[in-house]
2 protein chains.
Amino acid sequence: MTAPLKERIRADLEARILSGEWPPGYRIPFESELTDLYGCSRMTVNKVLAGLAESGLIQRRRRAGSFVAQPALQSAVLRIPDIPHEVEARGEHYGFELVARERRGVGPKDPPASGLAPGEPVLALTCRHLASGRPFAWEERLISLATVPAAAEADFSAVPPGTWLLRHVPWTEAEHRITALNASPALAASLDLPPGGACLSVARRTWRGDGTLTYVQQVFRGDLYSLGARFAP
Amino acid sequence: MTAPLKERIRADLEARILSGEWPPGYRIPFESELTDLYGCSRMTVNKVLAGLAESGLIQRRRRAGSFVAQPALQSAVLRIPDIPHEVEARGEHYGFELVARERRGVGPKDPPASGLAPGEPVLALTCRHLASGRPFAWEERLISLATVPAAAEADFSAVPPGTWLLRHVPWTEAEHRITALNASPALAASLDLPPGGACLSVARRTWRGDGTLTYVQQVFRGDLYSLGARFAP
DNA sequence: ACAACGAGTATGTATATACATAATCGCAGG
DNA sequence: CCTGCGATTATGTATATACATACTCGTTGT
């Protein structure tokens with residue numbers, strides 16, 4: 001109740017953007033309209049919108065208005081890699097195989113680190129990424145159908161699920177857990193590695209607001225992949 | 001020349017903080033003093049200081065004033081790990097061995113990714129981190145003596161160089177490159193691993209303003225270490 | 001001596017106002 | 001029809017002002 005006005009305005013605008021009520025590209029009301037809507041001065045609205053722009057949630061253009069930003073393929077701090085994009089940026093041909101696709105509930109066999117509740121409906125996907133025809137990465141993914149119902153209809157035989165998600169669903173937070181592991185015989189066969197070859201495992205959990213969007217474990221050939229991150233305090 | 005006033009003020013304050021002219025804990029001038037100094041209104045100064053506070057560069061306390069923040073041991077986005085701190089947080093005893101220490105110029109053998117110019121004076125350090133007496137990580141580091149002259153006098157037999165740097169030198173930007181590799185026989189011996197065991201390699205370059213502070217490659221036992229990062233777009 | 005209270009003050013928030021800036025839209029002219 | 005120019009307009013920056021808030025410090029009273 002006694003929360004500062006500008007915080008309440010900011011929370012309200014953020015909620016509309018994150019809920020999808022104002023999708024990417026949507027032109028949000030002008031400062032003058034928001035001034036009327038919230039019954040405050042333009043300076044107050046202006047400071048809120050300037051803050052949202054600095055946070056990257058909206059883009060502002062003089063005379064045109066303020067627009068909800070497109071979901072960022074990459075951030076300045078640390079990016080969620082889009083594997084096809086990265087492979088092609090190295091001048092190689094990208095290939096993709098969908099190994100398994102199943103709609104089911106979260107079971108006891110799924111990693112508890114996924115943050116998905118047992119029984120929650122998910123789309124479970126297993127796939128393999130290729131660079132110039134050579135196996136490159138192995139991916140096992142769970143997508144929450146409660147948070148991303150549209151995933152049930154997506155054609156993941158053509159577009160890898162990571163790419164599809166980055167293009168269609170905005171995310172607000174992500175967590176990586178990165179480890180090195182020796183390839184098991186089965187994994188070595190899938191990645192065309194000698195058994196025991198070093199692999200880089202990236203487990204990522206992605207949120208949108210409070211709900212977990214997706215949990216994915218990607219295992220890369222250590223000799224073909226490195227992960228970069230640039231950041232500031 | 002025609003740069004917006006608030007940007008010039010912000011740049012000026014940031015420069016004083018990053019140069020060390022205003023060290024951590026220093027009470028920066030009151031808004032009223034800055035108002036006089038820059039010949040502008042308090043609102044303008046207030047917005048600049050509010051921005052600096054949101055970026056974490058300063059902390060503000062009513063009635064007391066605004067203070068330069070302590071260099072952050074960890075950031076909200078992605079941290080530079082302080083290995084002793086992490087080991088002890090897991091309930092293990094931390095140990096440290098300085099293997100080599102040499103003051104020299106950057107040579108052709110040093111990795112070009114370090115970003116240090118050939119011939120630039122550096123302190124080259126090699127050390128080993130132990131957790132509960134067991135080898136844990138192997139570290140090779142270059143510290144630029146042009147940027148951090150105080151490093152020449154520091155006692156790195158007691159405090160690991162990473163910890164010393166985090167405590168004494170503020171940084172503005174860092175870059176990680178993370179790879180998985182199979183341990184060479186020599187590395188395997190140093191880390192008490194079977195030859196070929198998977199290791200996680202973290203190469204990090206750290207800047208302060210324009211100058212490279214340090215370049216370090218840390219190789220961790222893959223079975224004992226994972227790297228976490230949590231971030232937002 | 002010490003706790004409680006109150007004055008003073010730096011920051012926090014909000015408003016009204018003014019002018020600068022830049023990009024879009026529409027209209028006029030070729 | 002297409003181009004270019006000017007009017008319009010939403011944002012960007014800055015000022016002056018006002019009051020709220022919370023913390024510090026000094027003083028007062030027990």
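Since the model is a prediction, treat every value here as computed from it, not as a measurement. Chain naming here is simple, since letters A, B, ... match the order of the sequence lines and numbering starts at 1 in each.
Taking the nucleotide of DNA chain C with the nearest heavy atom to each of A:Gly39 and B:Ala50, the more 5' of the two is matched to B:Ala50.
Under the 3.5 Å distance criterion, with hydrogens and angles disregarded, a donor-acceptor pair is assigned to the side chains of B:Thr214 and B:Arg141.
In this structure, the CG atom of A:Leu5 is 13 Å from the C1' atom of C:dG12, given to the nearest Å. Rounded to whole Å, the distance from CG on B:Leu34 to C1' on D:dA14 is 16 Å. Distance, A:Arg62 CZ to C:dC19 C1': 12 Å, rounded to whole Å. The distance between atom CZ of A:Phe67 and atom P of D:dA10, rounded to the nearest whole Å, is 12 Å. Across the protein-nucleic acid pair, B:Arg60 atom CZ and D:dA22 atom P stand 16 Å apart, rounded to whole Å. Separating the CD atom of A:Glu54 from the P atom of D:dT11 is a distance of 17 Å, rounded to the nearest angstrom. If you take CG of A:Leu49 and P of D:dG12, they are 8 Å apart, rounded to a whole angstrom. Between A:Arg61 atom CZ and D:dT9 atom C1' the separation is 14 Å, expressed in whole Å.
Between C:dT11 and B:Ser66, a contact under 4.0 Å exists linking OP1 or OP2 to a side-chain N or O. At D:dT13, none of the side-chain N or O atoms of B:Thr44 fall inside 4.0 Å of OP1 or OP2 (strictly under the cut-off).
When distances are taken from the side chain of B:Arg42 to each of C:dA16, D:dT11, C:dG12, the shortest belongs to C:dG12. Of the candidate nucleotides D:dT13, C:dT15, C:dT11, C:dT11 has the atom nearest to the side chain of B:Glu31. Comparing C:dT13, C:dT11, D:dT13 by their closest approach to the side chain of B:Pro4 singles out D:dT13. Here the side chain of A:Asn46 is nearest to one of C:dG12, D:dG12, D:dA14, namely D:dG12. Distance from the side chain of A:Ala64 is smallest for C:dT24 among the nucleotides C:dT24, C:dT11, D:dA14. Distance from the side chain of A:Ser41 is smallest to C:dA16 among D:dG12, C:dG12, C:dA16. For B:Met43, counting side-chain heavy atoms from C-beta on, the closest listed nucleotide (D:dT13, D:dT11, D:dA16) is D:dA16.
The residue from B:Glu86, B:Glu139, B:Glu97 that alone fulfils the side-chain hydrogen bond (donor to acceptor under 3.5 Å, both in side chains) condition with B:His129 is B:Glu139.
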(Q) Evaluate A:Glu14 against A:Arg8 for salt bridge (Lys or Arg N to Asp or Glu O under 4.0 Å), listing each step before the verdict. (A) CA-CA 10 Å; A:Glu14 278 184 348; A:Arg8 290 198 294 120; over 6 Å; no
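At least one donor-acceptor pair under 3.5 Å links the side chain of A:Asp155 to the backbone N or O of A:Ser157.
Within the 6.0 Å centre-distance limit, the rings of B:Phe136 and B:Tyr225 are counted as a close aromatic pair.
The base of C:dG8 is paired with the side chain of B:Arg63 by a donor and an acceptor separated by under 3.5 Å.
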